[in-house]
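A short worksheet on the structure shown next.
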Amino acid sequence: MNAAEFTALLVLATAMSFTPGPNTTLSTALAANHGLKRALPFVCSVPIGFGALLCVCALGLGALLLALPLLGWVVKLVGVAYLLWLAWKLTQATGLASANAARMNVGFWQGASLQFMNIKGWMLALAIMGGWIAGREHPGARFAIVLPVLLVFTFASTLSYALMGSLLRDWLAGPAQTGMRLRWFNRAMAAVLVLTAGWMLTV
């Protein structure tokens, strides 16, 4: 892989990882509601899940999805339904107390599974396979470069958004810890998830 290809990979990874999506929205919301420690399992699950997704694409599942549009629609609809469910759960979280953690039970395995229902993740994985791996010389060596780069970027993006959410915790509690700002914040994050779900249906 030459310098131009590697630079293009870094640009794509930055654009896809740090722009808002289900992972960044959920990491922000989890940290804002329950603190950075509570969000870390989800933050760690994102690169693991996406790495697994990239591996199965390398093994041919991505090509299967492209060959069978109906299967792609099934994945898409499941992902949309899951995002809408998460949005509803988020609107139910009304306070900063740890007792409310069960209202948004998105832990490590839920986060890893979400990557297989995230159309943005599929688009990135298929773009990487088509642009940097498939049909190129030494695909195994290229994959060994691409995989850790993407793992670092996905971890860095979700952690950055989680840190932002945790820094907002005290302000979101509002005057006299009423949680008024937090309720509006949760509704805004839920709206982002709904909009993301709507976008998924159009691509």
Side-chain angles (χ1 to χ4, degrees), residues 1 5-62 65 75-76 78-80 82-83 85-86 89-90 101 104-134 139-167 189 192-193 196-197 199-200 203:
M1 184 180 297
E5 288 179 310
F6 189 71
T7 300
L9 174 65
L10 295 181
V11 171
L12 177 63
T14 301
M16 293 296 285
S17 299
F18 284 90
T19 50
N23 294 324
T24 55
T25 302
L26 285 172
S27 60
T28 306
L30 284 169
N33 282 271
H34 310 302
L36 182 60
K37 184 178 180 180
R38 171 67 179 81
L40 282 178
F42 177 79
V43 169
C44 293
S45 75
V46 173
I48 299 300
F50 180 73
L53 173 62
L54 198 61
C55 288
V56 299
C57 279
L59 294 173
L61 182 57
L65 281 178
V75 172
K76 186 180 294 190
V78 170
V80 166
Y82 188 54
L83 288 183
W85 179 78
L86 287 173
K89 295 288 279 186
L90 186 53
M104 262 196 74
N105 186 22
V106 185
F108 183 88
W109 294 113
Q110 291 87 351
S113 300
L114 175 63
Q115 306 317 303
F116 286 84
M117 297 178 279
N118 181 2
I119 195 66
K120 184 180 176 183
W122 279 105
M123 289 171 62
L124 176 57
L126 293 174
I128 292 295
M129 294 308 302
W132 281 265
I133 309 295
R142 284 174 167 268
F143 189 78
I145 295 172
V146 166
L147 181 61
V149 168
L150 293 175
L151 294 184
V152 168
F153 271 80
T154 52
F155 177 76
S157 66
T158 49
L159 180 60
S160 298
Y161 277 83
L163 285 169
M164 181 175 63
S166 67
L167 291 174
M189 293 294 98
V192 171
L193 289 179
T196 303
W199 170 80
M200 286 173 59
V203 297

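Basis for what follows: all heavy atoms, side chains included, without hydrogens, waters or symmetry-related copies.
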For the [atom1] atom of [X] and the [atom2] atom of [Y], what is their distance to the nearest 0.5 Å?
| X | Y | atom1 | atom2 | result |
| --- | --- | --- | --- | --- |
| Asn23 | Ser45 | CG | OG | 7.5 Å |
| Thr158 | Leu26 | OG1 | CG | 11.0 Å |
| Phe155 | Ile48 | CZ | CD1 | 10.0 Å |

- Task: List in chain and number order the residues that pass side chain to side chain contact (heavy atoms under 4.5 Å, CB included) with Thr154, two or more places apart in sequence or in another chain; answer none if no residue qualifies.
- Result: Ser17, Val46, Pro47, Phe50
Closest heavy-atom pair and its distance - [X], [Y]:
| X | Y | value |
| --- | --- | --- |
| Phe42 | Ser27 | CE2-N, 3.7 Å |
| Ala162 | Ala31 | O-CB, 3.0 Å |
| Leu114 | Pro22 | CD2-CB, 4.4 Å |
| Thr24 | Thr28 | O-OG1, 2.8 Å |

- Task: Check the pair Tyr161, Thr25 against side chain to side chain contact (heavy atoms under 4.5 Å, CB included), reporting the backbone distance first and the verdict last.
- Result: CA-CA 8 Å; Tyr161 277 83; Thr25 302; over 6 Å; no
Exercise answer: donor-acceptor pairs, residues 139-151 side-chain atoms, under 3.5 Å, sequence neighbours excluded:
from, atom 1, to, atom 2, distance (Å)
Arg142, NE, Glu137, O, 3.4
Arg142, NH1, Trp132, O, 3.1
Arg142, NH2, Glu5, OE1, 3.1
Arg142, NH2, Glu5, OE2, 3.3

